[in-house]
Structures are given as C-alpha cells and as structure tokens.
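Computed from a predicted structure; not experimentally measured. Just so it is clear, the values below take in all heavy atoms, side chains as well, and ignore hydrogens, waters and symmetry mates.
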Amino acid sequence: MWQRVVVLVALVCASGIAHAKPRWQTLPLPPAMPKPTSTGQLAVGDASIYWATYGKGEPVVLLHGGLGNADHWGFQLPVLADRFQVIAIDSRGQGRSTLSKQKLSYQVMASDVVAVLDHLAIPRASFVGWSDGGVVALDLAIRAPDRVAKLFVFGANYDSSGSKPRKGTTQTFSAYSAKCRADYRRVAKDPKAFPAVVESLMPLWRSQGGFTKEQLRSIAAPTVVAIGDHDELIRRDHVAEMAKLIPDAELVVLAKVSHFALWQDPKAFNEALLRLLVQ
C-alpha cells in the first residue's frame with residue numbers, strides 16, 4: 001500500500017513537470033504597491049487623473065498598459081523607488097482616472113501626463129511605457145521633447161502595421177483582462193463604467209499611435225525599445241525597425257517572455273530598465 005502511494009505521488013509530480021507551461025504562457029500577478037509618498041486626483045478639463053509618487057531622486061514616470069492601472073508596476077516600483085522619484089499615473093478613463101466628453105486619444109493621454117508633471121513642478125522626467133503606455137511615451141518624446149530625459153518603451157508599435165494578426169484570445173490575455181476588470185471594479189469611481197472604457201480604447205488599438213518615420217527620427221532622448229521574444233501582439237521586426245529609426249536607440253529582446261514580460265521575468269525587465277536609467 002505504501003509503495004503504491006509513493007508511485008502515485010511520483011507520477012503526479014512527473015506529470016506536473018512534464019506539462020508545466022513555458023514562462024511566456026504564464027501570468028504571475030504583480031505584488032501590492034508600497035505606500036506612496038503622495039497621491040492626488042488632478043482635474044484636467046472634465047477628467048480626473050490619478051497620480052502617486054514614491055521615493056526620491058531624479059523623476060521617472062510609469063505609464064501602464066491598456067485597461068490597466070498604476071498598480072501594475074508592483075514588480076518594478078521597489079527597485080526604482082530606491083534610486084528615483086517615481087510618478088505612477090492612471091491613464092485617462094482607466095484605474096482611478098475618469099473618462100471625459102473629449103474623444104480619447106494617445107495625444108490626450110500624453111497631455112494628461114504633462115498636466116500632472118506641471119502640477120508636481122517637474123520640468124523633465126524619464127518615461128517608462130508598456131504597450132499603450134509606450135505609445136503615450138513616444139507621443140511625449142515627439143511632441144514634448146523638452147520634457148523627456150530618457151525613454152524606455154516596451155511592447156508598443158508606432159503604427160498599425162506593427163500589430164500581429166489576431167487569432168483569438170490567449171490564456172494570458174484572458175487572465176490579464178480578468179485582472180483589469182477586477183481592478184477597475186475595486187478602484188474606479190464608477191465601477192460599472194468598464195464597458196465604456198473598453199469602447200473608448202478600441203479606436204486607439206486599431207490605429208496604434210500612427211506616428212511617421214520622420215517623427216521617430218526626431219526623438220532626441222536616449223531610448224531603449226524592448227519586446228518579449230514571444231509577444232502575442234507586436235511584430236519583432238517592427239520593433240527592430242523602430243529602434244533603427246530612433247537615433248542611437250537600443251533594441252532589447254527579452255527571452256522566453258511575452259507582452260507581459262514585466263510580470264513574467266521582472267528581474268530581466270528591471271535590469272534592462274536600470275541599464276538605461278542609471279547610465
């Protein structure tokens with residue numbers, strides 16, 4: 001009887017190892033953010049934009065992915081706040097920030113970021129943008145270059161040609177969407193407004209920034225353009241082209257991770273990020 005139990009346990013363990021998912025198909029969720037130094041809701045027109053600050057030093061702004069919120073940087077914040085003043089922002093309509101009557105666009109979200117920096121009396125900062133946040137960061141580097149010290153763009157394309165054809169929803173995206181919905185219900189001023197937020201973002205996802213090659217060539221800030229080697233959404237050759245177009249930009253391809261590399265392999269992600277920020 002004892003031998004049979006041991007064999008069964010061994011078979012279960014072996015089965016678990018044999019069927020373990022590769023890292024790019026997992027979605028480890030970020031830990032809770034530490035207590036912020038300060039927080040606020042800034043009125044920008046008829047929208048309210050949430051911001052929080054952490055740590056001291058040179059300013060670094062974190063811009064989350066579509067449907068997300070500032071708390072999605074839980075794996076990065078402790079590393080950054082030891083060296084920098086980190087400003088985490090909920091993009092318009094997402095997280096604790098609200099929609100407005102104005103049509104949503106990446107340029108509008110970029111102007112919200114500038115408004116927060118003005119409110120905090122921060123003339124210039126480095127920007128870290130993931131996915132939609134990366135497009136917002138590109139917009140800032142192009143349209144407000146004097147405000148951008150350094151630029152780290154992960155999992156973003158500069159126009160719609162960089163998007164991969166969609167072949168249904170992956171498990172990682174389903175899990176991400178479920179987290180975003182749950183987060184929104186927990187933190188948003190109107191928890192029932194999530195469908196309206198999705199509807200407002202759909203046109204942006206179809207256009208994906210729409211920057212020209214000449215606009216990318218105008219970016220003057222030291223830049224890293226990064227992508228996971230199993231990104232579900234963005235073509236790697238498109239990101240490589242973007243790195244060539246932006247003067248002196250560095251291309252970073254993170255191994256065995258997807259669009260969610262900052263959660264799947266935060267150590268490698270953070271190392272790539274810090275190499276830019278501390279140089």
Side-chain angles (χ1 to χ4, degrees), residues 33-65 68-98 100 102 104-154 156 187 209 218-225 246 249 262 270 272-279:
M33 297 281 269
K35 184 178 180 180
T37 306
S38 60
T39 65
Q41 295 278 163
L42 179 66
V44 183
D46 59 341
S48 177
I49 307 301
Y50 170 84
W51 56 268
T53 68
Y54 305 83
K56 296 181 180 179
E58 293 297 314
V60 174
V61 178
L62 303 180
L63 302 172
H64 62 77
N69 61 76
D71 296 353
H72 286 187
W73 295 102
F75 282 121
Q76 286 67 51
L77 198 285
V79 175
L80 294 174
D82 280 346
R83 305 187 184 202
F84 304 98
Q85 180 191 20
V86 181
I87 303 97
I89 298 173
D90 283 355
S91 294
R92 181 177 291 225
Q94 298 156 77
R96 306 161 188 82
S97 297
T98 65
S100 70
Q102 184 178 7
L104 191 61
S105 69
Y106 292 117
Q107 190 169 356
V108 167
M109 287 189 278
S111 68
D112 292 337
V113 174
V114 171
V116 170
L117 293 181
D118 288 346
H119 175 73
L120 297 173
I122 297 174
R124 198 163 178 257
S126 295
F127 291 87
V128 183
W130 168 30
S131 196
D132 274 11
V135 181
V136 174
L138 286 170
D139 192 288
L140 287 161
I142 290 167
R143 304 183 198 278
D146 57 318
R147 309 303 294 264
V148 181
K150 296 178 181 178
L151 187 65
F152 188 96
V153 176
F154 172 74
V187 303
S218 74
I219 294 176
T223 299
V224 166
V225 180
I246 298 173
L262 69 170
N270 293 349
L273 176 56
L274 286 173
R275 279 199 303 272
L276 171 71
L277 295 178
V278 302
Q279 69 182 10

Does some side-chain heavy atom of [Y] sit less than 4.5 Å from a side-chain heavy atom of [X]?
X	Y	value
Asp146	Arg124	no
Gln94	Met109	yes
Phe154	Val224	no
Asn69	Tyr50	no
Asp139	Val113	no
Leu62	Leu77	yes
Leu138	Phe127	no
Leu277	Arg83	no

Show the nearest heavy-atom pair for residues [X] and [Y], with the distance to one decimal.
X	Y	result
Val187	Gly95	CG2-C, 3.8 Å
Ala70	Asp90	N-OD1, 2.6 Å
Ala88	Tyr54	CB-CE1, 4.3 Å
Val44	Ala115	CG2-CB, 3.9 Å
Lys150	Leu276	NZ-O, 3.0 Å
Ser131	Ala156	O-CB, 3.5 Å

Interatomic spacing from [atom1] in [X] to [atom2] in [Y] - rounded to 0.5 Å:
X	Y	atom1	atom2	answer
Leu140	Gln107	CG	CD	10.0 Å
Leu273	Leu262	CG	CG	10.0 Å
Ser126	Gln85	OG	CD	12.0 Å
Thr37	Lys35	OG1	NZ	9.5 Å
Thr223	Ile246	OG1	CD1	5.0 Å
Ile142	Ile219	CD1	CD1	4.5 Å

Ser38-Thr53 side chain donor-acceptor pair, cut-off 3.5 Å
yes
Going by distance alone, is a donor N or O of one side chain under 3.5 Å from an acceptor N or O of the other, for Asn270 and Gln76?
yes
What residues, two or more places apart in sequence or in another chain, satisfy side-chain contact (heavy atoms from CB on, under 4.5 Å) together with Asp118?
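Once residues adjacent in sequence are excluded, the partners of Asp118 under the side-chain contact (heavy atoms from CB on, under 4.5 Å) criterion are Val114, Arg147.
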Whether Thr98 side chain and Ser48 backbone form a donor-acceptor pair below 3.5 Å:
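Present.
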When you look at Phe152 and Leu274, which way does the side-chain contact (heavy atoms from CB on, under 4.5 Å) test go after all the steps?
CA-CA 10 Å; Phe152 188 96; Leu274 286 173; over 6 Å; no
Could you check whether the rings of His64 and His72 sit parallel, tilted or perpendicular, using 30° and 60° as the cut-offs?
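Aromatic pair His64/His72 classed perpendicular.
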Over 60° means perpendicular and under 30° means parallel, so tell me whether Trp51 and His119 are parallel, tilted or perpendicular.
tilted
Applying the side chain to side chain contact (heavy atoms under 4.5 Å, CB included) criterion to Ile122, which one of Val61, Leu117, Val116 satisfies it?
Leu117
The side-chain hydrogen bond (donor to acceptor under 3.5 Å, both in side chains) partner of Arg92 among Ser97, Ser100, Ser111 is Ser100
